[in-house]
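Okay, handing you the structure first.
Hydrogens, waters and symmetry mates are skipped; everything else that's a heavy atom, side chains included, is used.
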Amino acid sequence: MASTGADRYQPQASEPRWQAAWSAADVFTARADPDRPKYYVLEMFPYPSGRIHMGHVRNYTMGDVVARYKSASGFSVLHPMGWDAFGMPAENAAMEQGGHPKDWTYGNIEVMRGQMKPLGLSIDWSREFATCDPEYYGQQQAMFLDFLEAGLVYRKNAVVNWDPVDMTVLANEQVIEGRGWRSGAEVERRELTQWFFRISDYSAELLQALDGLEHWPDKVRLMQKNWIGQSRGLQFAFATHGAPDGFDRIEVYTTRPDTLLGASFVAISPDHPLARHLERHDPQVGAFVAECRKLATTEEALEKAEKRGHDTGITVLHPFDNDWELPVYIANFILMDYGTGAIFGCPAHDQRDLDFARAYGLPHPDVFHALEDDTPVTDTAFVPPKTEPVRYIRGFAGEEVQTGNEAIDAAIAFCESQGVGHAVTNYRLRDWGLSRQRYWGCPIPVVHCERCGVVPEKKENLPIVLPDDVSFDAPGNPLDRHPTWRNCTCPRCGGAALRETDTMDTFVDSSWYFARFTAPRAPTPTDLPEADYWMNVDQYIGGIEHAILHLLYSRFFARAMVKTGHLPEKCKEPFAALFTQGMVTHEIYKSTDARGRPVYHLPEEVADGRLIATGAPVEVIGSQKMSKSKKNVVDPVNIISAFGADTARWFVMSDSPPERDVEWTSAGAEAAFKHLGRVWSLGRRIADMPDGATTEADRDLMRAMHRAIADVTRAIDGFAFNKAIAELYAFTNTLSRSNASGAAQKTAMRTLAQLMAPMVPHLAEDLWAMLGGAGLVAQAAWPQADPAMLVADTVVLPIQINGKRRSQIEVAVDLPREEVEKRALADDAVLKALAGGAPKKLIVVPGRIVNVVV
RNA sequence: GCGGGCGUGGUGGAACGGUAGACACAUGGCACUUAAAAUGCCUGGGCCGGAUGGCCGUGCGGGUUCGAAUCCCGCCGCCCGCACCA
């Protein structure tokens with residue numbers, strides 16, 4: 001069965017054979033084995049866009065290295081795969097090319113599965129599912145109903161991007177410079193009643209629990225912390241003057257109460273109740289608010305937009321000086337969702353407020369100065385860190401040196417003592433709006449009954465399956481205009497009712513798939529004993545672009561599932577360790593057409609900076625993330641057919657550290673292929689050697705082998721796959737030059753095969769079989785380094801003179817410090833530098849370095 | 001705009017605060033060959049030098065330290081996210 005008879009490396013022939021052998025031996029089926037420790041490794045599942053790309057290859061190879069390594073190390077491994085299959089592209093394809101999102105999606109899954117299988121990943125395919133399978137989303141609907149009952153879901157109004165020409169809701173990415181991507185119409189903000197998860201109830205807990213995620217990257221924890229955005233501040237009310245009835249007070253929230261005596265205006269959100277009221281009665285306000293509503297809904301658009309306001313003519317009285325009146329503006333940069341939707345501006349110590357104050361001719365009195373600089377603020381706000389002491393000139397305690405934090409504490413205490421407001425802990429995190437006005441998503445299982453209102457579906461009626469007979473020739477949600485699907489009976493009163501036509505955000509689908517993998521065919525969302533055995537995910541691997549939303553939503557969902565009994569208590573943090581991998585990038589080849597528009601070219605169409613077809617030169621632009629629109633993509637399928645899967649796997653794991661981007665180059669891929677061929681030939685040569693008699697060189701080779709085992713193991717454990725590969729290169733070089741006996745070289749070669757197996761499993765099986773290894777290397781136990789073989793007798797100590805390396809000495813590892821000092825001082829270079837004098841200082845770092853200061 | 005990250009030879013990168021450039025790729029040289037490909041060996045940051053060696057060098061400018069790619073401060077550039085892309 002093995003390709004031992006071949007005379008050269010032929011991955012195209014051997015890779016399918018080994019994949020068949022693994023399949024026949026049922027090597028990758030996950031089994032809950034109470035006698036073995038379990039290990040759940042998961043890569044973020046792919047969106048079935050149509051073809052796999054190098055980013056997938058890199059992502060899944062990383063997971064595969066971990067899975068194979070853990071399996072060899074005695075763990076019962078779960079390594080599943082599925083498809084994040086709902087989402088807009090399927091609907092877009094249906095609109096552009098006709099056809100049905102379902103056919104498009106399942107067709108893509110078929111193609112991509114077919115492209116992934118040749119990679120030889122150790123995936124338990126028996127657990128595969130797609131989130132658009134009714135079996136999956138039906139269970140999601142069941143959980144939604146449980147969440148609803150547990151008070152984790154509610155409805156409220158929220159704004160969406162509305163395209164007034166296409167009469168449809170647009171996603172943020174469909175809004176380009178304030179206009180609809182298809183119609184080109186100016187996008188408006190429109191309010192709709194939508195479903196929300198109460199994730200903000202968990203703000204404090206989600207924040208606090210970040211501390212326990214020790215095996216997550218610090219940067220991700222920090223990003224989530226900032227996203228949750230806990231702030232401590234003061235909430236209080238200004239009394240108004242000249243405001244309409246019912247608006248005699250405006251509640252504001254501030255994180256800088258210490259600057260209250262430097263306030264110069266009050267600003268409210270265009271969505272603030274007062275603004276809404278004025279809008280109805282004052283055409284000028286109406287015009288301004290309408291202008292604000294043309295802005296896209298993203299925070300980014302809001303922040304980048306010119307800061308604009310409308311003076312309402314209303315004023316408020318300063319709480320500590322009733323003769324002091326501040327104007328009230330409606331301002332386009334105030335969010336209704338955060339705090340109370342109203343702020344006071346202290347321009348001297350907030351750049352945004354300062355820009356606003358200067359634009360509207362408002363004063364900007366300084367509240368504090370730097371300790372040695374009392375220059376008043378002009379066009380740059382003075383915003384020192386809150387931990388830095390500053391001199392308050394308009395503080396609550398007169399002229400005093402305090403840090404911002406101290407002054408904030410003092411201000412809150414003072415205001416509370418005066419009956420002006422109270423301390424409030426606020427969070428930036430908003431509730432998670434899950435309603436989407438689209439067809440290709442999980443239907444929200446509720447009905448709207450004229451008599452009973454909003455009524456949850458009965459669980460026995462689940463799944464609420466998407467109707468197949470829909471058309472995409474008209475804009476908007478086909479479910480809204482479906483002739484029969486929408487009509488249903490009320491589960492409560494049995495009368496006529498209308499089905500909810502909103503579907504769920506696809507983030508819902510990806511917020512629990514990891515739990516479903518533990519029991520993918522269970523008749524309930526999860527099977528608790530299975531979840532208890534396999535959860536949590538021991539190693540989760542995916543892109544840094546998911547650092548906030550997907551991971552935060554999943555953390556919330558896990559808590560909600562624990563609360564509703566779908567996961568055991570220990571699953572509140574479902575991902576024990578997280579690794580965020582970098583992207584695969586490639587150069588971009590660009591030229592321009594006759595009309596001067598950019599034209600992009602695929603890498604295979606270009607050689608030496610020229611188009612192969614015409615010889616015309618192309619502009620070479622530096623590497624960027626592979627994307628179809630820039631055509632800087634390399635199709636893994638082409639690489640596999642040219643070089644085999646192992647070359648693709650080896651290349652994406654070598655060179656770049658996995659957390660950083662890797663640049664795909666054809667030269668690098670060819671080099672990887674050549675190297676694997678060299679290793680194969682080396683294996684062939686060694687396999688044919690007679691065992692021979694033990695030689696002097698055997699011990700050196702065995703030392704190198706044990707060193708390689710230790711180094712590669714440590715590198716894989718530490719996710720430093722590029723270093724593991726560097727060690728494998730080094731050991732391969734040592735082995736190929738070794739004069740050791742045939743028997744020793746065979747042992748070394750078998751070990752090399754085992755150490756390479758997680759990265760290049762097919763080649764490893766070739767080598768293992770050539771060298772008479774027992775069974776499959778995929779089922780062999782990971783080699784162990786013998787500590788006795790790792791200790792060196794001597795060590796080379798570099799000698800620095802004034803911090804620069806000037807010499808070195810070789811000493812026994814256990815030589816006492818005094819002896820090392822003596823030897824160092826006797827060194828020629830040191831004697832010369834000292835010129836007879838005594839060293840000023842002598843630093844000996846045992847086993848590392850000696851530094852002589854003269 | 002806000003939040004997070006990254007920056008080391010021609011290239012990808014390595015380096016518990018301790019010999020900067022491990023391991024590769026490209027280049028150059030040599031061997032093998034009628035020739036080419038393939039393969040193997042040597043070279044492989046810059047400058048000076050025949051060599052031993054010396055000086056400079058980790059985006060830029062400062063600082064801490066016996067010693068800084070690594071820690072601190074200030075810049076510059078690039079990348080990711082910003083709640084309806086997945």
**Asked** For atom C1', what is the distance between B:A37 and B:C48, given to the nearest Å?
**Response**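 After rounding to an integer number of Å, I get 40 Å for this pair.
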**Message:** Rounding to an integer number of angstrom, what distance separates B:C85 and B:G12 when you compare their C1' atoms?
**Reply:**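 Per the computed distance, 30 Å lies between those C1' atoms.
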**Rounded distance in Å between the C1' positions of B:A83 and B:C2** =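 Taking atom C1' in both B:A83 and B:C2, they lie 14 Å apart.
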**Item:** Proximal nucleotide (of B:U19, B:A83, B:A86) relative to the A:Glu545 side chain
**Value:**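 Given the options B:U19, B:A83, B:A86, the side chain of A:Glu545 is closest to B:A86.
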**Request:** Can you tell me, in whole Å, how much space there is between the P of B:U11 and that of B:C60?
**Result:**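 About 14 Å, rounded to a whole number of Å.
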**Prompt:** Of all residues at least two apart in sequence or in a different chain, which pass the side chain to side chain contact (heavy atoms under 4.5 Å, CB included) check with A:Leu549?
**Reply:**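 Here the qualifying residues are A:Trp227, A:Phe507, A:Tyr553.
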**Sequence-aligned protein contact record of nucleotides 61-69 of chain B, with B where the base is within under 4.0 Å of a protein heavy atom and S where only the sugar-phosphate is** = -----BS--
**Message:** If the condition is ring pair (Phe, Tyr, Trp, His ring centres under 6.0 Å), which residues does A:Phe86 pass it with, not counting sequence neighbours?
**Reply:**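 Testing A:Phe86 for ring pair (Phe, Tyr, Trp, His ring centres under 6.0 Å), a comparison that skips the adjacent residues, returns A:Tyr137, A:Trp440.
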**Asked** Ignoring hydrogens and angles, does a donor from either the side chain of A:Glu670 or the base of B:C25 sit under 3.5 Å from an acceptor on the other?
**Response**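 Looking at the base of B:C25, it does not pair with any donor or acceptor on the side chain of A:Glu670 (distance under 3.5 Å).
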**Request:** Take atom P in B:G67 and the same atom in B:U19, then report the distance between them in whole Å.
**Result:**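 Rounded to whole Å, the distance is 15 Å.
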**Request:** For B:C41 versus B:U8, give the span between their C1' atoms, rounded off to a whole number of Å.
**Result:**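 Approximately 29 Å lies between the C1' atom of B:C41 and that of B:U8.
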**Request:** Find the partner of B:G3: check Watson-Crick (N1-N3 plus N6-O4 or O6-N4) and G-U wobble (N1-O2, O6-N3) distances, both under 3.5 Å, and reply none if neither fits.
**Result:**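 For B:G3, the partner nucleotide comes out as B:C80, under the 3.5 Å rule.
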**Prompt:** What does A:Gly87 touch in the nucleic acid at a heavy-atom separation under 4.0 angstrom: a base, only the sugar-phosphate, or nothing?
**Reply:**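 The residue A:Gly87 makes sugar-phosphate contact but no base contact.
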**Message:** A:Thr255: which residues meet the side chain to side chain contact (heavy atoms under 4.5 Å, CB included) condition with it, sequence neighbours left out?
**Reply:**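 Once residues adjacent in sequence are excluded, the partners of A:Thr255 under the side chain to side chain contact (heavy atoms under 4.5 Å, CB included) criterion are A:Ser231, A:Tyr253.
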**Item:** B:A14 versus B:U70 - spacing of their P atoms, nearest Å
**Value:**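 16 Å, rounded to whole Å.
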**Message:** So if I define the base as every atom that isn't primed, P, OP1 or OP2, how would nucleotides 12-17 of chain B read as a B/S/- string at a heavy-atom cutoff under 4.0 Å?
**Reply:** BSSSB-
**Asked** Which base sits across from B:C23 as a Watson-Crick or G-U pair, both distances under 3.5 Å?
**Response**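 Result: B:G12.
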**Message:** For residues 795-807 of chain A, which residue pairs pass the side chain to side chain donor-acceptor pair (under 3.5 Å) check, not counting sequence neighbours?
**Reply:**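 For residues 795-807 of chain A, and leaving out neighbouring residues, the side chain to side chain donor-acceptor pair (under 3.5 Å) pairs sorted by first residue read A:Ser807-A:Asp827.
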**Message:** If the condition is side chain to side chain contact (heavy atoms under 4.5 Å, CB included), which residues does A:Asn226 pass it with, not counting sequence neighbours?
**Reply:**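 Side chain to side chain contact (heavy atoms under 4.5 Å, CB included) check on A:Asn226 returns A:Leu222.
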**Asked** Has the side chain of A:Gln194 got a donor or acceptor that lies under 3.5 Å from a partner of the other kind on the base of B:C84?
**Response**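 A donor-acceptor contact between them is present.
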**Message:** Given B:C84, B:C85, B:A86, identify the nucleotide with an atom nearest to the side chain of A:Val160.
**Reply:**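 Comparing B:C84, B:C85, B:A86 against the side chain of A:Val160, the answer is B:C84.
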Atom pairs, N/O to N/O, protein against nucleotides 2-5 of chain B, distance under 3.5 Å?
| from | atom 1 | to | atom 2 | distance (Å) |
| --- | --- | --- | --- | --- |
| B:G3 | O3' | A:Asn226 | ND2 | 2.9 |
| B:G3 | O2' | A:Asn226 | ND2 | 2.9 |

**Message:** Just to be sure I understand the rule, does A:Gly543 reach a base, reach only the sugar-phosphate, or reach nothing, if contact means heavy atoms closer than 4.0 Å?
**Reply:**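 Result for A:Gly543 = nothing.
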**Item:** Sugar-phosphate, base or nothing in reach of A:Phe507, heavy atoms under 4.0 Å
**Value:**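 Base contact.
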**Request:** Give one of base, sugar-phosphate or nothing for A:Val175, where a contact means two heavy atoms less than 4.0 Å apart.
**Result:**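 Here A:Val175 touches no strand at all.
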**Request:** For A:Arg221, report the nucleic acid contact type (base, sugar-phosphate, nothing); a contact means any heavy atom under 4.0 Å.
**Result:**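 Touches nothing.
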Between side-chain atoms of residues 670-679 of chain A and protein atoms elsewhere (two or more places apart, or another chain), which donor-acceptor pairs fall under 3.5 Å?
none

**Asked** Looking at residues at least two apart in the chain, or sitting in another chain, which of them share a salt bridge (Lys or Arg N to Asp or Glu O under 4.0 Å) with A:Asp337?
**Response**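 A:Asp337: salt bridge (Lys or Arg N to Asp or Glu O under 4.0 Å) contacts with A:Arg430.
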**Prompt:** Which sits closer to the 5' end of RNA chain B, A:Tyr47 or A:Ala726, going by the nucleotide each is nearest to?
**Reply:**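 The residue whose closest nucleotide sits nearer the 5' end is A:Ala726.
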**Item:** Residues A:Asp717 and A:Arg714 bridged, charged N to O under 4.0 Å
**Value:**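 No salt bridge links A:Asp717 with A:Arg714.
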**Prompt:** Can you list every pair that meets salt bridge (charged side-chain N to carboxylate O under 4.0 Å, His left out) and has a residue in residues 723-737 of chain A, with sequence neighbours left out?
**Reply:**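 Pairs touching residues 723-737 of chain A that pass the test: none.
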**Message:** Checking A:Arg436 now: which residues fulfil salt bridge (Lys or Arg N to Asp or Glu O under 4.0 Å) with it, not counting sequence neighbours?
**Reply:**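 Expected list: A:Asp505.
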**Prompt:** What distance, rounded to whole Å, do you find between the two P atoms, one in B:C72 and one in B:G18?
**Reply:**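 15 Å, rounded to whole Å.
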**Prompt:** Of all the choices, B:A86, B:A24, B:C82, which nucleotide is nearest to the side chain of A:His546 once you look at every atom?
**Reply:**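 When the side chain of A:His546 is considered, B:A86 is the closest of B:A86, B:A24, B:C82.
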